[in-house]
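Here the structure comes first, spelled out in structure tokens, and everything after it is commentary.
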Amino acid sequence: MIGILFRSIVFFSSYIPIFIMIFLKQMSDFSQKSFQKVWEYNSVFWMILVCLSIISLVCLFVWIHILKKSKNSDKDKFPLENLKSYDAEVLNYFITFIIPILSLDVESWPSIVLNTLLLIIEGIYYVSNNAVYNNVILLACGYHIYTFNDNRMLISKKDKSELLFNKEKVNQIGTTNIFYL
């Protein structure tokens, strides 16, 4: 149950850039007056997004910290075979939902509910498939996402050539298909 809750919270961190884009889309210019006007359209909505963003970012960074600690564990290490970059798929996953969400009208509760339903549907996929690696924030923080050995997922700051050249071996994170190096 904790794992599902954790993945659900981390899911929202992947939407922080979209939340920012929604806010910017509502602004008429880059001024304090415009910022306040947009905030006042629906301050409850914005406060919910800010709180979700902060909580989810903290959870994402806690998860990254856990990944880094697992890197030094004494568990069996797996060789990297058939390593393929997955960064483009992460961006495709992100881009797929930009247009519907950017159509959000923050003054319309039906629009907010419609987009929330879209977010819930995507969240169910994300959480049930343990797709924590489908997070554009990871890419923005300099991480690369790879697949290897039967679609196992690797998260690393190292580029593909460095991983292959050094014949790296990776640690599994818990019992998931996610690995870190």
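Position 1 is the first residue of the sequence, and the numbers go up from there. Small disclaimer: the values here were computed from a predicted structure and weren't measured.
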Report yes if some heavy atom in the side chain of [X] is under 4.5 Å from a heavy atom in the side chain of [Y]; otherwise report no.
X: L104; Y: F45; value: yes
X: F23; Y: L49; value: no
X: L138; Y: I64; value: yes
X: S34; Y: M27; value: yes
X: V38; Y: W46; value: yes
X: W63; Y: L60; value: yes
X: I16; Y: S56; value: yes
X: T147; Y: R152; value: no

Exercise for the section: Compute the ring centroids of Y143 and Y133, then answer whether they are less than 6.0 Å apart. Expected result: no
Practice task
Keeping the roles fixed (side chain from Y126, backbone from V132), state whether a donor-acceptor pair exists under 3.5 Å.
Solution key: yes
Problem - Exam field: side chain N149 to backbone N82, donor-acceptor pair closer than 3.5 Å - result: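 Side chain of N149 to backbone of N82: no pair is present.
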If you look at every heavy atom in [X] and [Y], which pair is closest and at what distance?
X: F6; Y: C59; result: CZ-O, 3.4 Å
X: R7; Y: V127; result: NE-O, 3.1 Å
X: H144; Y: K158; result: CD2-O, 3.5 Å
X: K84; Y: K160; result: CA-NZ, 4.2 Å
X: S103; Y: S111; result: O-OG, 4.2 Å

Co-membership, hydrophobic cluster, residues [X] and [Y], 4.5 Å side-chain:
X: V136; Y: V58; value: no
X: I66; Y: I155; value: no
X: I120; Y: I22; value: no
X: Y125; Y: I121; value: no
X: L114; Y: L118; value: no

Exercise for the section: Before giving the answer on side chain to side chain contact (heavy atoms under 4.5 Å, CB included), spell out for I137 and S14 the whole-Å C-alpha distance, their side-chain angles and the decisive distance to 0.1 Å. Expected result: CA-CA 6 Å; I137 299 292; S14 65; 5.6 Å; no
Can you measure from [atom1] ([X]) to [atom2] ([Y]) and round to the nearest 0.5 angstrom?
X: I145; Y: D87; atom1: CD1; atom2: CG; answer: 6.5 Å
X: L91; Y: N134; atom1: CG; atom2: CG; answer: 10.0 Å
X: N42; Y: I48; atom1: CG; atom2: CD1; answer: 8.0 Å
X: K37; Y: Q32; atom1: NZ; atom2: CD; answer: 14.5 Å
X: L80; Y: L181; atom1: CG; atom2: CG; answer: 7.0 Å
X: S53; Y: I20; atom1: OG; atom2: CD1; answer: 7.0 Å

Handout entry: Short side-chain donor-acceptor distance under 3.5 Å, N135 and S13
Key = yes
Exercise for the section: Given ring pair (Phe, Tyr, Trp, His ring centres under 6.0 Å), test F19 with F12 step by step and report yes or no. Expected result: CA-CA 10 Å; F19 297 157; F12 285 104; 7.1 Å; no
Practice task
Determine whether more than 12 heavy atoms belonging to other residues, nucleotides or ligands lie under 6.0 Å from atom NZ of K157.
Solution key: yes
Exercise for the section: Please indicate whether K25 has more than 12 foreign heavy atoms, meaning atoms of other residues, nucleotides or ligands, lying under 6.0 Å from its NZ. Expected result: yes
Problem - Worked check of ring pair (Phe, Tyr, Trp, His ring centres under 6.0 Å) between Y146 and Y86 - result: CA-CA 5 Å; Y146 303 100; Y86 196 78; 9.8 Å; no
Exercise for the section: If the plane angle is over 60° it's perpendicular, under 30° parallel, otherwise tilted; pick one for W39 and F35. Expected result: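 Taking F35 first and then W39, their aromatic rings lie parallel (interplane angle under 30°).
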